[in-house]
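I have placed the structure first, in the form of structure tokens, so that the comments after it can refer back to it.
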Amino acid sequence: MLRRKNLAYYFRLAIQIMFLILMPGLFTMIFGQMKQLYTSVILGKFNFNLVATTLPLVILVVLTMIFGRFFCGYMCAFGTINDLIYRFSPKFFKTKFKANKRVDNFLKLLKYAILLFIIIVVWTLGISELNSINPWDAFSQLIQFPPQVLSIKALIVLIIIFIDALFIERFFCRYLCPLGAFLSILQVFRIVKIRKEKTVCIDGCTACTRSCPMGIDLDNVNRVDSIECIECMNCVGVCPKNNAKLTVFGRVVNQILVIAIFVLAFLGFKGLAEKVIEFKMMKEDKERSINFGEHIPKPDGKRRHRHGNEEQQQVQNVDVAQGKYKDGTYVGSAIGFKPGLTVEVTISGGKISKIEIIDHNETPSYAELPFKIIPNEIIKKQSTNVDAVSGATRTSVGIMNAVAEALKQAEQK
Ligand code: SF4
Ligand code: SF4
């Protein structure tokens, strides 16, 4: 590990810590939304509302195609934990472990195989036996408060990964992460790239290569085209000749500015898109409430909530039948008062044992009660068919629908 602690280094560290504390469930949410979007497409249930509920994923896809894997370098808590563990490694080992280059390059392909396997076997064929060993579920359970571990097998896999992270920097990201594999493929045509003139390098320096957490060979290239790059900027900061530079279309750009643009664009576009969808929903609701005065038939299996002046919102009624759901944690998103209400549902012994709100854009004063009451009611009744909280119907229904979305993924085929 070779690092120059410049301003960009501290800026990155600050962003990583901020996301680790404020949005530790981002990995689980994005990966859960990938599954939600994919399964709805193959089941022919894709619609506009679904794009609205999976906005963080959609925005991340677009930004990664333009900028590259800044998500992995700055925003993913799982990646940050890998970084932190590796920082401890000098305390345990005197010598640095170095992965054999050929083995390292071969193992990097493993994550693409894992992604393909998950898409085909788990998401398409619905074979969910392997859910019980997936480490990101164990990780998301551990970062909840209070921490909870459902699957000992998954916890063991997670511990093995953390031990390996002491030896190999970003072990999980390099070899195993299916989300990292997906983002790598997206960044093939990114316009933000690191350039360095080979001819300017000091003979035998290799500082950039030694600083790279993803094990990319940098000393013999003029430009970083590798899709493994997580844009951490270590190679830029460490170069004694300031030879490595971040560029857009070949023009040198300020790295801190680009990092800030990516992070703010992710958070800003997410907020903006949610406002647009909210406006569209309000318009639709207005039209619906005018029609409601005349007559709206009740669709089969659905019910409508109406409270005071609040408009109608369809609830997906799901009752948990013993044995129907596979144990594990599942993420579901739906529209509450605003888009992006995301929950993580834990199934143990075939029953819902925990519901955690992992992301939302609801108004805190209105959301406080439904966030407390609705998950408990659903767990108590083992059904999403519960009464909405008075005065916060849309948030209540959003929670019920997000849980129903998560339960769709937990269904045993
Ligand atoms: S590779 Fe995976 S775990 Fe690593 S930072 Fe990227 S998304 Fe997170
Ligand atoms: S190539 Fe540079 S920016 Fe990319 S991961 Fe390696 S050190 Fe970080």
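Just follow the structure's listing: the first ligand is 1, and inside any ligand the first atom is 1. The structure displayed is predicted, hence computed values, not measured ones.
- Residue contacts with ligand 1 leave out Lys111, since none of its heavy atoms falls under 4.0 Å from the ligand.
- Heavy-atom contacts of Cys72 reach the following atoms of ligand 1: 1 (S), 5 (S), 6 (Fe), 7 (S) (cutoff under 4.0 Å).
- Phe172 has its ring centre less than 6.0 Å from the ring centre of Phe78.
- Applying the 4.0 Å criterion to heavy atoms of Leu218 picks out, from ligand 2, the atoms 1 (S).
- Taking only non-hydrogen atoms, the option from Met233, Glu228, Met214, Lys196 nearest to atom 3 (S) of ligand 2 is Met233.
- Of all the atoms in ligand 1, the ones that sit under 4.0 Å from a non-hydrogen atom of Phe78 are 3 (S).
- Nearest to atom 5 (S) of ligand 2 among the protein's heavy atoms is Ile230 N, 3.4 Å.
- Less than 4.0 angstrom separates some heavy atom of Phe27 from each of these atoms of ligand 1: 2 (Fe), 3 (S), 7 (S), 8 (Fe).
- Among all protein heavy atoms, the one lying closest to atom 6 (Fe) of ligand 2 is Cys212 SG, 2.3 Å.
- Atom 4 (Fe) of ligand 1 has Cys173 among its coordinating residues (N/O/S atom, backbone or side chain, under 2.8 Å).
- Counting the atoms of ligand 2 from 1 in the order shown, those under 4.0 Å from a heavy atom of Cys229 are 1 (S), 3 (S), 4 (Fe), 5 (S).
- Distances below 4.0 Å separate heavy atoms of Arg69 from the following atoms of ligand 1: 1 (S).
- Contact annotation: Cys232 places an N, O or S atom under 2.8 Å from atom 8 (Fe) of ligand 2.
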| message | With side-chain contact (heavy atoms from CB on, under 4.5 Å) as the criterion, how do Asp217 and Val221 come out once you've worked through the C-alpha distance, each side chain's angles and the decisive distance to 0.1 Å? | response | CA-CA 8 Å; Asp217 266 330; Val221 298; over 6 Å; no
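- Within ligand 1, counting atoms from 1 as listed, the ones closer than 4.0 Å to a heavy atom of Cys76 are 3 (S), 5 (S), 7 (S), 8 (Fe).
- The pair Glu228-Lys111 counts as a salt bridge, with a side-chain nitrogen and a carboxylate oxygen less than 4.0 angstrom apart.
- Neither the backbone nor the side chain of Val236 has a heavy atom within less than 4.0 Å of ligand 2.
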| said: Quick one, Met214 with Cys173, criterion side-chain contact (heavy atoms from CB on, under 4.5 Å). Give me CA distance, side-chain angles, the key distance, then yes/no. | reply: CA-CA 8 Å; Met214 299 302 283; Cys173 310; 4.2 Å; yes
| request: Report the C-alpha separation of Val331 and Glu344 in whole Å, then their side-chain angles, then the decisive distance to 0.1 Å, and conclude whether the side-chain contact (heavy atoms from CB on, under 4.5 Å) test is met. | output: CA-CA 4 Å; Val331 174; Glu344 186 178 74; 4.3 Å; yes
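- The contact set between ligand 1 and Phe172, taken as ligand atoms under 4.0 Å from a residue heavy atom, comprises 3 (S).
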| request: Could you give me the CA-CA distance, side-chain angles and deciding distance for Tyr175 and Asp104, then say whether side-chain hydrogen bond (donor to acceptor under 3.5 Å, both in side chains) is met? | output: CA-CA 8 Å; Tyr175 306 136; Asp104 183 62; 2.4 Å; yes
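- The only member of Gln255, Arg190, Arg12, Lys193 that meets side chain to side chain donor-acceptor pair (under 3.5 Å) when paired with Glu231 is Arg190.
- Ligand 1 has Arg170 within reach: a non-hydrogen atom of the residue lies less than 4.0 Å from it.
- Smallest separation of non-hydrogen atoms from Cys72 and Ile230: CB-CG2, 3.6 Å.
- From the protein, the heavy atom lying nearest to atom 2 (Fe) of ligand 2 is Cys235 SG, 2.3 Å.
- The local environment of CE in Met23 is crowded, with over 12 non-hydrogen atoms from other residues, nucleotides or ligands closer than 6.0 Å.
- Set against the non-hydrogen atoms of Cys177, the atoms of ligand 1 under 4.0 Å away are 1 (S), 2 (Fe), 3 (S), 7 (S).
- Using bins of under 30°, 30° to 60° and over 60° for the plane-to-plane angle, the ring pair Phe31/Trp123 lands in the tilted bin.
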| Intermediate values then yes/no, side-chain contact (heavy atoms from CB on, under 4.5 Å), Thr54 and Gln36 | CA-CA 8 Å; Thr54 55; Gln36 197 179 340; 4.2 Å; yes
